[in-house]
Structures are given as C-alpha cells and as structure tokens.
*Asks:* 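Pasting a structure below so you can have a look.
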Amino acid sequence: MTYRVFHLSCTPELSEILTAFLADAGFDSFAETEDGLDAYATDAQIATWLNVLHELNGQFDFTYRSEVLPDKNWNEVWERQFQPIRIGDRLLIRASFHPADATVAQELVIDPKMAFGTGHHATTYMMCEQVMDFFARRDAGKSVRVLDYGSGTGVLAILAKRLGAAEVDAVDIEAPAYESTLENAGSNGVQLDEVVHGELSDVPDGNPYDLVVANINRNVLLETGEALYHRLGAGGTALMSGVLEQDERMLVGHMQGVGFRHRATFARGDWRAFDFTRD
C-alpha cells in the first residue's frame, strides 16, 4: 500500500484544530513540524483527501502540498515521528527502539506501526493518567471489567490489565489497530479477554462494564454515546477523549442527554478528556 504525506503550513494553534478535522475525515497519522503539520493517508484516496483539504481551506488559513511516500520508507518515517509518553515515575510508553527505564512503575512497549496517531499524544497522556487514577482509588477487592473502545495500539487495554483488571475487552474498526492490539498485548505479556475487529455492536453483550475507555474522536463519541452508556454498569466510570476545547460543551451536553453524569474535565493543551459515570 502506498502512502502520501501532506505538508500543512499553519500556526501551532491551528495545527491542533486541523488534526482533529483530518482525523475525523480518515487521515491515518500526524506529526508536528517546524512549519505546522504533516498528515499521512493512503495515496489511493487522494481525491477524497484533496476535497477535505479544499473544504478546510475555506474555513482556515493554511497552505499545503503533498508527496508520495515510497513503501520502503514508511516504517522509517513512522518510527521517526513516534515519541515516548512519560507520566512522571508512574508510566513510560515507548517503542522497542527506545531505551528502557527501570525507574518507572509501569513500562509499556508499544510499536506504533500504522495504528498510532501521534496527533493525539495529549489525549493518550490524559487517558492513561485517568486509568491509573481509577485503579489507584478502586476497592482492591472488587473485580473490574473494562472495555477499550477504539483501542488503536491497545495502550489503554494493556494498561488496565497490568493494573489489575479482571477482564479487559478491546474493539477497533480498523484492521491495523486490531492486529496491533493483539501483537502489543502479547509483547507486553498481557492476555486480553476479547479483541474484536469491528464496531461496538460486535463486542459480545454480556455483563456490564465497570470502566469504559474511549480515546477516539468527537464524531464517533457523539454517534455511540448512548450505546456506551448502556454498556456501562450502574456506578461505572466512562473515560473519554479525542475532543478539542471548542467541542467540550457539545460533548458534555450530549453525554448528559443520553444519561451520563459528568464528573470532571481534564485539559492538556487544546485537547480535553472527560470523566462520566452512570448512576
């Protein structure tokens, strides 16, 4: 499969906004540059990507150019843009080509491949932080069932299992993400209970979950918020992210409308994460 990189020249503030729009449109991954943003997508859909960029150009002030990325260079580029995520001495998420660090409590080795979008680095940070806080304050004797919706590379699912979750299911509609979740779970010595390639409706509908995590994007959260509510048990926690500051009020209002109670909002740069519960 041949990929194309789109070089966007824009301000850092606009880069965050464009990342959200392009992720919703289906671009695969993003990397910040000195001039703005690089966005990656399959070359086969070039007409679609040009149409998306043309429409965004009508709303925002930026310029862009693109070039085909030869297959043989794709993995090299992907590795170059992948940066470790470190949360104090609590967690380090790194690729196998980064050095280990024995000073952190948890270390996950996640090789990015094509399932990792660096544009959501801030959301991954916040979601991992909230998952760790959830397990730190839980009743140690209580069994916890977790659903990672839109698992990507499987970071949140693997972390939840490492922190003591009794059962962890994961689902992603993208084949590379599904495969990456399986591979990364194995390489980190973790056995996930169900890993599903498909939509939320494809996840076996058994007992309700105690924790649902969804680091995805605004549109998918709005479309599936009610279904996520019904997958969560009474008193359960739903952690969500992938939303920009400008959409915070819309997202919270929608989730309250389907039944969630909003407990907290977290910020990192222009990105937001949310803590909801089902009473």
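We're numbering straight along the sequence, starting at 1.
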*Asks:* Using a 3.5 Å distance criterion without hydrogens, assess whether the side chain of R278 forms a donor-acceptor pair with backbone atoms of G233.
*Replies:* no
*Asks:* For A41 and F27, which heavy atoms make the closest approach, and how far apart are they?
*Replies:* CB-CD2, 3.8 Å
*Asks:* Any side-chain heavy-atom pair from L232 and L228 closer than 4.5 angstrom?
*Replies:* no
*Asks:* Around D279, counting heavy atoms of other residues, nucleotides and ligands shown, do more than 12 lie under 6.0 Å from its CG?
*Replies:* yes
*Asks:* Testing the basics here: between D193 and K161, what is the closest heavy-atom pair and its distance to 0.1 Å?
*Replies:* OD2-NZ, 2.8 Å
*Asks:* When you group the ILVMFWY residues by side-chain heavy-atom contacts below 4.5 Å and let the links chain together, are I216 and I173 in the same group?
*Replies:* no
*Asks:* Can you see whether R4 engages S66 through a side-chain donor-acceptor pair at a distance of less than 3.5 angstrom?
*Replies:* yes
*Asks:* Following the transitive rule for hydrophobic clusters with a side-chain heavy-atom cut-off under 4.5 Å over Ile, Leu, Val, Met, Phe, Trp and Tyr, establish whether L92 and V190 coincide in one cluster.
*Replies:* no
*Asks:* Hey, are T237 and R263 close enough side-chain-wise for a donor-acceptor pair under 3.5 Å?
*Replies:* yes
*Asks:* Are V220 and L222 joined in one hydrophobic group, where the rule is that I, L, V, M, F, W and Y side chains link up if heavy atoms are under 4.5 Å apart?
*Replies:* yes
*Asks:* For the CD atom on Q191, are there more than 12 heavy atoms of other groups (residues, nucleotides or ligands in this structure) within a distance under 6.0 Å?
*Replies:* no
*Asks:* Are the side chain of N188 and the backbone N or O of L108 linked by a donor-acceptor pair below 3.5 Å?
*Replies:* no
*Asks:* Any side-chain to backbone donor/acceptor pair from D148 onto A170? Under 3.5 Å, distance only.
*Replies:* no
*Asks:* With a 4.5 Å cut-off on side-chain heavy atoms, are F276 and M240 touching?
*Replies:* yes
*Asks:* I need the minimum non-hydrogen distance between A165 and V146, along with the two atoms involved.
*Replies:* CB-CG2, 3.8 Å
*Asks:* Under a 3.5 Å threshold, yes or no: a donor from one side chain and an acceptor from the other, between T42 and Q45?
*Replies:* yes
*Asks:* To check you understand the geometry: which heavy-atom pair defines the closest contact between D247 and V243, and what is its length?
*Replies:* CB-CG1, 3.7 Å
*Asks:* Would one find more than 12 heavy atoms of other residues, nucleotides or ligands at under 6.0 Å from atom CD of E226?
*Replies:* no
*Asks:* Do T181 and S151 pair up side chain to side chain, a donor and an acceptor below 3.5 Å, judged on atom types alone?
*Replies:* yes
*Asks:* Under 6.0 Å between ring centres: does that hold for Y40 and F6?
*Replies:* no
*Asks:* Taking everything shown except R249 itself, do over 12 heavy atoms lie less than 6.0 Å from its CZ?
*Replies:* no
*Asks:* Of D275, V212, D133, which meets side-chain contact (heavy atoms from CB on, under 4.5 Å) against L239?
*Replies:* D275
*Asks:* Using modelled atom types only, decide if a donor and an acceptor are shared between the side chain of N57 and the backbone of F62 within a distance under 3.5 Å.
*Replies:* yes
*Asks:* What are the two closest heavy atoms between I158 and L192, and how far apart are they?
*Replies:* N-CD2, 4.4 Å
*Asks:* I'd like to know if the side chain of H254 and the backbone of L251 have a donor-acceptor N/O pair within less than 3.5 Å.
*Replies:* no
*Asks:* Would the distance check show the side chain of R218 and the main-chain N or O of S241 forming a donor-acceptor pair, the cut-off being under 3.5 Å?
*Replies:* no
*Asks:* Kindly say whether D35 contributes a backbone atom to a donor-acceptor pair with the side chain of S9 at under 3.5 angstrom?
*Replies:* no
*Asks:* Return the minimal non-hydrogen interatomic distance between L200 and R231, and the atom names on each side.
*Replies:* O-NH2, 3.1 Å
*Asks:* Judged by modelled atom types alone, do D172 and Y149 share a side-chain donor-acceptor pair under 3.5 Å?
*Replies:* no
*Asks:* Within a reach of under 6.0 Å around CD of E199, are more than 12 heavy atoms found that belong to other residues, nucleotides or ligands?
*Replies:* no
*Asks:* Using modelled atom types and a 3.5 Å cut-off, is there a donor and acceptor pairing between side-chain atoms of D169 and backbone atoms of L147?
*Replies:* no
*Asks:* Judged by atom type as modelled, is there a donor-acceptor pair below 3.5 Å linking the side chain of N184 to the main-chain atoms of T153?
*Replies:* yes
*Asks:* May I ask you to decide whether R94 forms a salt bridge with D101, counting only side-chain N to carboxylate O separations under 4.0 Å?
*Replies:* no
*Asks:* Any chance the side chains of E67 and H7 put a donor and an acceptor closer than 3.5 Å?
*Replies:* yes
*Asks:* Report whether L182 and L156 are members of the same hydrophobic cluster (ILVMFWY, side-chain heavy atoms less than 4.5 Å apart, transitive linking).
*Replies:* yes
*Asks:* Is there a donor-acceptor pair closer than 3.5 Å between any side-chain N or O of T33 and the backbone N or O of G36?
*Replies:* yes
*Asks:* Is I87 reachable from V213 through a run of hydrophobic residues whose side-chain heavy atoms are each under 4.5 Å from the next?
*Replies:* yes
*Asks:* Taking the six-membered ring for Trp, is the centroid-to-centroid distance between F260 and Y229 below 6.0 Å?
*Replies:* yes
